[in-house]
Amino acid sequence: MYKVDLNCDIGEGFGNYSIGMDQELIKHISSANIACGWHAGDSVIMDETVAMAKKRGVAVGAHPGYLDMAGYGRRNIDVNKRELKTYIKYQLGALSAFAKSHGVKVEHLKPHGAMYNMAAKDYQLAAAISEAVYEVDPEIILLGLANSELIKAGEHVGLRVASEVFADRTYMGDGTLVPRNEKDAVIYDSGLAVERVVKMVKYGKVDSIDGKGIEIKAHSICVHGDNIQALQLMKKIRSEFVKEGIEVVPLRKIFG
């Protein structure tokens, strides 16, 4: 029996503005990456999302990003290592307070958007994120792009690291994600997405946009909550996993 985590970025609305279908998506995932108020989310949404995750038995994770709500955290921002460490600690601290108030623990952390993609390639940024997490709570699992600098940095500081793959995104030949502003960066064909996910979990491989076969480790699969077909895709993945003998479990059950 194969085991894999299924995660989704949620709690990414703000005030009266909603993004995604959190109440439906959370029924199908094992881990929730909850926005921490900088790229999206606010105090009320954070509190409600943690409560919803607890009710569904879904692992709570922090999803910190750059202070860029207008750009949804997807614009590159030039920061140094010291600044980035404080960004992570600040947002992790905020979510940890809500988690504690609901009697649960922040089990993992996954950077958002530009922060995630920049740290995948820049070891110094990756080290800043890893060190910040370790200094706050070394038991937190760091979730990062498979084969990335973030995985290397997390391992170096002594964190448990989970390699993440994407159901609805395409890959470059170097194993990084195709930038969202490029053609075919997002996969909307749910059948193709499910086929790729099964291949990544069972065989450790994914095809890049140029047809190159990439070796990849899949501890956790992400489906983006703002993908208009996210719910349909999530259901298809769960259904196919049953047929393929793949069990969906939270990260703590993969790492022990």
Side-chain angles (χ1 to χ4, degrees), residues 6-29 31-56 58-79 83-102 104-119 129 132-133 136 140 143-144 164 166-169 177 179-181 185-186 188 222-234:
L6 188 56
N7 78 74
C8 188
D9 306 339
I10 62 175
E12 293 188 306
F14 183 78
N16 291 327
Y17 298 93
S18 298
I19 292 179
M21 299 172 286
D22 291 358
Q23 292 185 349
E24 291 300 316
L25 290 170
I26 204 164
K27 298 176 183 177
H28 305 281
I29 61 177
S31 295
N33 315 314
I34 301 174
C36 299
W38 276 26
H39 77 276
D42 58 38
S43 58
V44 173
I45 291 175
M46 290 168 72
D47 188 52
E48 291 177 345
T49 307
V50 169
M52 183 167 58
K54 179 183 178 180
K55 183 178 179 180
R56 300 294 310 187
V58 171
V60 169
H63 194 42
Y66 288 132
L67 186 55
D68 178 30
M69 198 162 286
Y72 198 55
R74 289 177 175 161
R75 296 184 291 194
N76 290 359
I77 296 179
D78 185 17
V79 297
E83 288 174 317
L84 186 52
K85 285 184 71 171
T86 63
Y87 293 178
I88 296 297
K89 291 180 179 181
Y90 186 95
Q91 294 178 77
L92 176 54
L95 189 69
S96 295
F98 289 111
K100 184 176 181 180
S101 72
H102 287 284
V104 296
K105 185 180 184 298
V106 175
E107 297 189 25
H108 67 278
L109 180 141
K110 171 191 169 181
H112 168 80
M115 184 186 289
Y116 180 99
N117 290 325
M118 292 170 72
I129 294 169
V133 173
V136 172
I140 289 176
L143 186 56
E164 181 179 41
F166 289 81
D168 54 1
R169 294 292 302 278
L177 299 177
R180 282 181 175 270
N181 60 357
V186 179
Y188 295 105
C222 176
V223 174
H224 285 99
D226 61 330
N227 183 329
I228 59 173
Q229 295 182 329
L231 184 58
Q232 177 192 14
L233 177 54
M234 200 80 74

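- Partner of H63 under the side-chain contact (heavy atoms from CB on, under 4.5 Å) criterion, out of I10, I34, D9: D9 alone.
- Remark: I88 CD1 to I129 CD1 distance equals 5.0 Å, nearest 0.5 Å.
- Using a 4.5 Å heavy-atom cutoff, the side chains of C8 and M234 are in contact.
- Considering only heavy atoms from C-beta on, L231 comes within 4.5 Å of H28 through its side chain.
- Around atom NZ of K100, no more than 12 heavy atoms belonging to other residues, nucleotides or ligands sit under 6.0 Å away.
- Note that CG of D22 is 12.5 Å distant from NZ of K27, once rounded to the nearest 0.5 Å.
- Summarising the geometry of V106 relative to A99, their closest heavy-atom pair is CG2-CB, 4.0 Å, with the distance given to 0.1 Å.
- Pairing each heavy atom of C36 with each of P64, the nearest pair is SG-N, 4.0 Å.
- When side chains are defined from C-beta on, L84 counts as touching Y66, because their heavy atoms get closer than 4.5 Å.
- By the 30° and 60° cut-offs, the orientation of the rings of F166 relative to Y116 is perpendicular.
- Between the R180 side chain and the V186 main chain, no donor and acceptor come within less than 3.5 Å of each other.
- A donor-acceptor contact shorter than 3.5 Å links the side chain of Q91 to the backbone of Y87.
- Within the 4.5 Å cutoff, the side chain of H39 has no heavy atoms near those of the D68 side chain.
- When side chains are defined from C-beta on, P111 counts as touching L109, because their heavy atoms get closer than 4.5 Å.
- Residues in residues 36-51 take part in no salt bridge (Lys or Arg N to Asp or Glu O under 4.0 Å) pair, two or more places apart or across chains.
- Note: C222 SG to L6 CG = 8.5 Å, rounded to the nearest 0.5 Å.
- Across A114 and R75, no two heavy atoms sit closer than the pair CB-O, 3.4 Å.
- Going from atom CG of L177 over to atom CZ of R169 covers 4.5 Å, rounded to the nearest 0.5 Å.
- A side-chain hydrogen bond (donor to acceptor under 3.5 Å, both in side chains) with N33 holds for exactly one of E164, H108, E12, H112; it is H108.
- When the shell of 6.0 Å around CD of Q23 is examined, it contains 12 or fewer heavy atoms from other residues, nucleotides or ligands.
- Taking each heavy atom of G11 and T49 in turn, the nearest pair found is CA-OG1, 3.7 Å.
- At least one side-chain heavy atom of I26 sits under 4.5 Å from a side-chain heavy atom of I29.
- No side-chain heavy atom of M69 sits under 4.5 Å from any side-chain heavy atom of W38.
- Distance check, rounded to the nearest 0.5 Å: NZ of K54 to OG of S101 gives 9.0 Å.
- In terms of heavy atoms, A53 sits closest to V60 at CB-CG2, 3.8 Å.
- Looking at every heavy atom in both residues, A35 comes nearest to A40 through CB-O, 3.5 Å.
- A heavy-atom distance below 4.5 Å is not found between the side chains of N117 and N76.
- For A167, the side-chain contact (heavy atoms from CB on, under 4.5 Å) partners two or more places apart in sequence, or in a different chain, are V197, I221, V223, L233, I237.
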